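Presented below is the structure to which this report refers.
Residue numbering restarts at 1 for every chain, and letters A, B, ... go by the order of the sequence lines. As the structure is a prediction and not an experimental result, all values here were calculated from the model.
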Number of protein chains: 2
Amino acid sequence: MPIRQNILIAVDAVVFGYMNANLHVLLVKRKGSTFHKEWALVGGFVLDDEPLTTAVKRELKEETGVQLDYLEQLFTFGDTVDRDPRSRVISVAYFGLINSSKIVPIGDTDAMDAKWYPVNELPDLAFDHSEILNSALDRLRAKLTYQPIGFDLLPNEFLFSELEQLYVTLLGKDIDRRNFRKKIMSFGFLEETSLFKQKKSGRPAKLFRFNDLKYRELESKGIYFDL
Amino acid sequence: MPIRQNILIAVDAVVFGYMNANLHVLLVKRKGSTFHKEWALVGGFVLDDEPLTTAVKRELKEETGVQLDYLEQLFTFGDTVDRDPRSRVISVAYFGLINSSKIVPIGDTDAMDAKWYPVNELPDLAFDHSEILNSALDRLRAKLTYQPIGFDLLPNEFLFSELEQLYVTLLGKDIDRRNFRKKIMSFGFLEETSLFKQKKSGRPAKLFRFNDLKYRELESKGIYFDL
DNA sequence: CCAAAAGTGTTGTGGTTACACCCATGA
DNA sequence: TCATGGGTGTAACCACAACACTTTTGG
């Protein structure tokens, strides 16, 4: 094949985690020459014989050590020819969610170069990474209405109020507690456990668990949440 | 930047058109060495300083002369390292729709190398193009439930029965004529014209037109069609 | 007057919304 | 006993599904 191109291909990951009743994104502090010490999404160049998804997972592991519960392709950014000042780079962006119980609280010490940032307190980002992050946020909110995404963000066992709070945070509007409970329960993919969690004050609350089997059944038929 | 990659980047387009009460895809007959004379999606390599969308449009123009009414990024195929036998190629696939009234009936003569194929009579395709086409079909059907896609496929003025027929074809199930009409009309983005179309037999039918303004309004709020 | 396609309403049902009070606990 | 958050039911309303006959034209 006689063709010669001078375009590089990279992958970037927008990984969301939910902690302290807030949505967070995983960012890394760059060390190379360009955008030195600025915050950016996790990502890097794809190896010649490496599938794209392998590349994202490798970068995530190398740069932050996190392991994902959910990963999907988001969008390929290649309409802006100079999005990387060094050379033309096309980036395949991925969108990931991590279960709160698996979150390793990296970067709360300043020694690390990876950190969970609350989405409402983001720093300026390198390259066009803000744009990428924004499309990921749009996707997240859209998914919320047709997939019970909460379950990939919450720990394996959680309070109903935590699920509700997550929806409130992500949708940015209030929810009627009774109606929400009725709706979620009607899907049948939530199980009550017999465990309770004692909070500092107030009545102890039941812990719930997600039933994957029931969920996969429904998923194939297509669910629709309005809220 | 010291990095060197040996990966090529291409774009491919899955373009749908609706004619003779059937969904069609635009295919081209390959002429190069690999997959010579086999049918494939329209596509080709991206130029070094060319935005991705420009590349797809250029290829479409060069190979078939069609001009699209709707184009969106579909998916980037790069998990299979040997999808192109010659070299590693990552392909950014696009999904397009064309208005019936703009369809140039290429390829009904055998001299041409581009042709509209009905989706239920597809030939074998080169590379992993069947897979790409299938994801485009999935996307098309999914979009149908939250966007009035019919309007990008039908001519500017059309019969209600044509719109209905389009949904029947794409969804593969029957629709109640009265309920369908009520639902579509309730959105308010369809306008009656005062024109009539006389068919060979039967009562003449009103022609309808799509009101873009009203549609864009609704689109931002999010529409939902069940059907 | 027959064939062909267009056009048109009503009713039952099930889901969604709106809404407010009691319960269990720790301090 | 008070503060805090957890848990629950009902009634009005609206959207959807099911269903069949009449109208207009050409042959």
Side-chain angles (χ1 to χ4, degrees), chain A residues 20-22 144-146 148 150 154-155 157-169 171-209 218 221-227, chain B residues 20-22 144-146 148 150 154-155 157-169 171-209 218 221-227:
Chain A
N20 310 325
N22 241 309
L144 212 58
T145 70
Y146 60 90
L154 291 174
E157 274 149 11
F158 53 88
L159 304 180
F160 217 100
S161 57
E162 290 171 330
L163 182 62
E164 187 191 327
Q165 186 50 43
L166 186 149
Y167 274 80
V168 171
T169 309
L171 294 173
K173 65 175 177 187
D174 280 4
I175 291 179
D176 180 278
R177 200 167 1 135
R178 284 171 289 191
N179 292 340
F180 179 72
R181 201 175 178 112
K182 239 181 298 174
K183 186 118 169 206
I184 297 289
M185 281 316 209
S186 74
F187 290 120
F189 50 60
L190 256 200
E191 291 175 342
E192 274 187 36
T193 67
S194 48
L195 304 169
F196 281 80
K197 184 167 180 181
Q198 189 52 51
K199 311 290 290 287
K200 295 138 211 171
S201 73
R203 174 173 172 176
K206 279 201 197 96
L207 283 165
F208 288 78
R209 191 188 300 124
L218 280 178
K221 292 178 206 156
I223 315 179
Y224 185 71
F225 276 70
D226 207 358
L227 302 180
Chain B
N20 310 327
N22 241 310
L144 213 59
T145 70
Y146 60 90
L154 291 173
E157 273 149 11
F158 52 88
L159 305 179
F160 217 100
S161 57
E162 290 171 330
L163 183 62
E164 187 190 326
Q165 185 50 44
L166 186 147
Y167 274 80
V168 171
T169 308
L171 294 173
K173 65 176 178 187
D174 280 5
I175 291 179
D176 179 278
R177 198 162 8 130
R178 286 170 288 191
N179 292 340
F180 180 73
R181 203 177 177 112
K182 237 179 299 172
K183 185 118 169 205
I184 298 289
M185 281 315 207
S186 74
F187 290 120
F189 49 60
L190 256 200
E191 289 176 344
E192 272 188 38
T193 69
S194 50
L195 305 169
F196 280 80
K197 184 166 180 182
Q198 188 52 54
K199 310 291 290 287
K200 294 135 213 172
S201 73
R203 174 172 172 178
K206 280 202 196 92
L207 283 165
F208 287 79
R209 191 186 300 124
L218 281 178
K221 292 178 207 157
I223 315 177
Y224 186 71
F225 276 70
D226 205 358
L227 303 179

Distance check, rounded to the nearest 0.5 Å: B:N22 atom CG versus B:Q165 atom CD?
9.0 Å
Report the distance from atom CZ of A:R181 to atom OG of A:S161, rounding to the nearest 0.5 Å.
9.0 Å
B:D176 vs A:R178, nearer the 5' end of DNA chain D by closest nucleotide
A:R178
When rounded to whole Å, the CD1 to P distance for the pair B:I184 and C:dT8 reads 15 Å
Enter the distance from B:K206:NZ to B:E191:CD here, rounded to the nearest 0.5 Å.
13.5 Å
Which whole-number value in Å describes the distance from B:F180 CZ to C:dT8 C1'?
16 Å
Using OP1 and OP2 only, check whether a side-chain N or O of A:S161 sits under 4.0 Å from D:dG6.
yes
Once rounded to the nearest 0.5 Å, what's the spacing between atom CD of A:E162 and atom CD of A:E157?
11.0 Å
What is the distance from CZ of B:F160 to P of D:dT23, rounded to the nearest Å?
21 Å
Length of the line joining A:K206:NZ and D:dG5:C1', which is rounded to integer Å:
15 Å
Look at the side-chain N and O atoms of A:R181 and state whether any lies under 4.0 Å from the OP1 or OP2 oxygen of D:dT8.
yes
Here the gap from B:L163 atom CG to B:I175 atom CD1, rounded to the nearest 0.5 Å, amounts to 8.5 Å
Whole-Å distance between C:dA5 P and B:R203 CZ?
14 Å
How close or far is atom P of D:dC16 from atom CE of B:M185, stated in whole angstroms?
16 Å
Just how far is it from atom CG of B:L154 to atom CZ of B:F208, taken to the nearest 0.5 Å?
12.5 Å
To the nearest Å, how far apart are A:R177 CZ and C:dC23 P?
15 Å
OP1 or OP2 of D:dA3 versus the side-chain N and O atoms of A:S201: is any pair under 4.0 Å?
no
Locate the shortest heavy-atom distance separating B:L190 from B:F160; write the atom from each residue and the value.
CD1-CE1, 3.7 Å
Protein-nucleotides 10-16 of chain C N/O pairs under 3.5 Å:
residue	atom	partner	partner atom	Å
C:dT10	O4	B:K182	NZ	2.9

Between D:dC16 atom P and B:I175 atom CD1, what is the distance in whole Å?
14 Å
